[in-house]
Q: 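Before we start, here is the structure in question, set down as C-alpha cells.
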Amino acid sequence: MRKIYFCGSIRAGRQDVELYGRIIEQLQAYGTVLTEHVGIKEIEISEETLDDKFIHDRDVEWLENSDAVVAEVTQPSLGVGYEIGRAVAMRKRILCLFRPASGKKLSAMIGGANDRQSFIVKHYGEPDIPQILQEFFS
Ligand SMILES: O=c1[nH]c(=O)n([C@H]2C[C@H](O)[C@@H](COP(=O)(O)O)O2)cc1CO
C-alpha cells in the first residue's frame, strides 16, 4: 500500500481545513494518508498536547517513510514550506495544489520548482481534484 504524506496549514491558519479533509478523503483511494490529522478540524486540541520536537520528529519520520507528498499550498505556511523543502531533499514525488481563485500569489520558491515530473504544481479549482490525483498517481 502506497504511503502518502499530505501537507496543509495548521498554525498558519485553518480556513481551508474542510477542503484538506475532502482532499485527504480522495487521497485514501490511492494509499494510506499518514497525516490524516491535517484535515480534521478538532485536531489542534490533540496536537496541542504534543511538544514541538515530538511533532517535528514524528512528521520528518513520516515524510521519510512516504512514497509521495501532496501539499495544499494556497494558505501559506512555514511548516508546509519546510516539509516540501525536506521532501525535495529526500527526492520524493511532490504534488502542490494552489487555488488562484483565492486571490493569493504563490511563492516563486514553489511555483518555480515545478519540473512537471517529480515536482508538480497544479493551479486548480476543487472540481479538478479527481483528475489531478488520477494523473499524479498513474
Ligand atoms: O501541530 C502540528 N502538527 C503537524 O503535523 N504539523 C505539520 C503538518 C502540516 O502539514 C504542517 C503545518 O505547519 P504550520 O503549523 O506551520 O502551518 O506541519 C504542524 C503542526 C503545528 O505547527
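Indexing begins at 1, ligand by ligand and atom by atom, following the structure's order. Bear in mind the structure is a predicted one, so any value in this text is a computation, not a measurement.
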Q: Find all atoms of ligand 1 within a distance of less than 4.0 Å from any non-hydrogen atom belonging to Cys7, and give their numbers and elements.
A: 10 (O)

Q: To the nearest 0.1 Å, how far is atom 12 (C) of ligand 1 from its closest protein heavy atom, and which atom is that?
A: Gly8 O, 3.3 Å

Q: For a quick test of your reading: what N or O donor-acceptor pairs under 3.5 Å do the side chains of residues 23-34 make, sequence neighbours left out?
A:
residue: Gln28; atom: NE2; partner: Glu36; partner atom: OE2; Å: 3.1
residue: Tyr30; atom: OH; partner: Gln134; partner atom: N; Å: 3.4

Q: Is there any N or O on Phe6 that sits under 3.5 Å from an N or O of ligand 1?
A: no

Q: Heavy-atom contact under 4.0 Å between Gln75 and ligand 1?
A: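 No, Gln75 has no heavy atom closer than 4.0 Å to ligand 1.
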
Q: If you measure every N/O of Ile55 against every N/O of ligand 1, is any gap under 3.5 Å?
A: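 In this structure, Ile55 places no N or O atom under 3.5 Å from an N or O of ligand 1.
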
Q: Taking atom NZ of Lys41 as the centre, report whether more than 12 heavy atoms of other residues, nucleotides or ligands fall under 6.0 Å from it.
A: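 It does not: Lys41 NZ has 12 such atoms or fewer within range.
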
Q: Could you tell me the residue and atom name of the protein heavy atom closest to atom 8 (C) of ligand 1, and the distance to it rounded to 0.1 Å?
A: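 Nearest neighbour among protein heavy atoms for atom 8 (C) of ligand 1, to 0.1 Å: Glu83 OE2, 3.1 Å.
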
Q: Suppose we screen for side-chain hydrogen bond (donor to acceptor under 3.5 Å, both in side chains). Which residues come up paired with Gln131, at least two apart in sequence or across chains?
A: Glu135

Q: What's the shortest distance from atom 16 (O) of ligand 1 to any protein heavy atom, and which residue and atom give it?
A: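 I find the closest protein heavy atom is Gly79 N, 3.0 Å.
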
Q: Would you check whether Thr35 reaches within less than 4.0 Å of ligand 1, judged by its heavy atoms?
A: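 Thr35: no contact with ligand 1 (<4.0 Å).
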
Q: Find out whether Leu133 and Leu95 are in side-chain contact, i.e. whether some heavy atom of one side chain is under 4.5 Å from a heavy atom of the other.
A: yes

Q: Out of all atoms in ligand 1, which are within 4.0 Å of some heavy atom of His37? Include the element for each.
A: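 So the atoms of ligand 1 that pass are 3 (N), 4 (C), 5 (O).
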
Q: Going by heavy atoms in the side chains, are Ile84 and Met109 under 4.5 Å from each other?
A: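 No - every pair of side-chain heavy atoms lies 4.5 Å or more apart.
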
Q: Give me the residue, atom name and distance of the protein heavy atom closest to atom 1 (O) of ligand 1.
A: Glu47 OE1, 3.2 Å

Q: So is Ile10 polar-close to ligand 1, meaning N/O to N/O under 3.5 Å?
A: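 The answer is yes, given that Ile10 and ligand 1 share an N or O pair closer than 3.5 Å.
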
Q: Rounded to the nearest 0.5 Å, what separation is found between the NE2 atom of His37 and the CD1 atom of Ile10?
A: 4.5 Å

Q: For atom 6 (N) of ligand 1, which candidate among Ile84, Asp59, Val60 holds the nearest heavy atom?
A: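 Closest candidate by heavy-atom distance is Asp59.
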
Q: Looking at Ser66, is its backbone amide N or carbonyl O close enough to the side chain of Lys92 to form a donor-acceptor pair, meaning the two atoms are under 3.5 Å apart?
A: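 At least one qualifying donor-acceptor pair exists.
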
Q: At under 4.0 Å between heavy atoms, which part of Arg11 makes contact with ligand 1: side chain, backbone, both or neither?
A: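 Arg11 to ligand 1: contacts from backbone and side chain alike.
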
Q: Ala12 to ligand 1: N or O pair under 3.5 Å?
A: yes

Q: Can an N or O of Ser77 be found at a distance shorter than 3.5 Å from an N or O of ligand 1?
A: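 Such a contact does occur with ligand 1.
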
Q: Quick check: do Val121 and Val73 have side-chain heavy atoms less than 4.5 Å from each other?
A: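 With C-beta onward as the side chain, the pair stays apart.
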
Q: A side-chain contact here means heavy atoms from C-beta on lying under 4.5 Å apart; do Val60 and Arg86 qualify?
A: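 When only atoms from C-beta onward are counted, Arg86 and Val60 do touch, with a gap below 4.5 Å.
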
Q: For Arg99, run the side chain to side chain donor-acceptor pair (under 3.5 Å) check against Glu126, His123, Glu72 and tell me which one passes.
A: Glu72

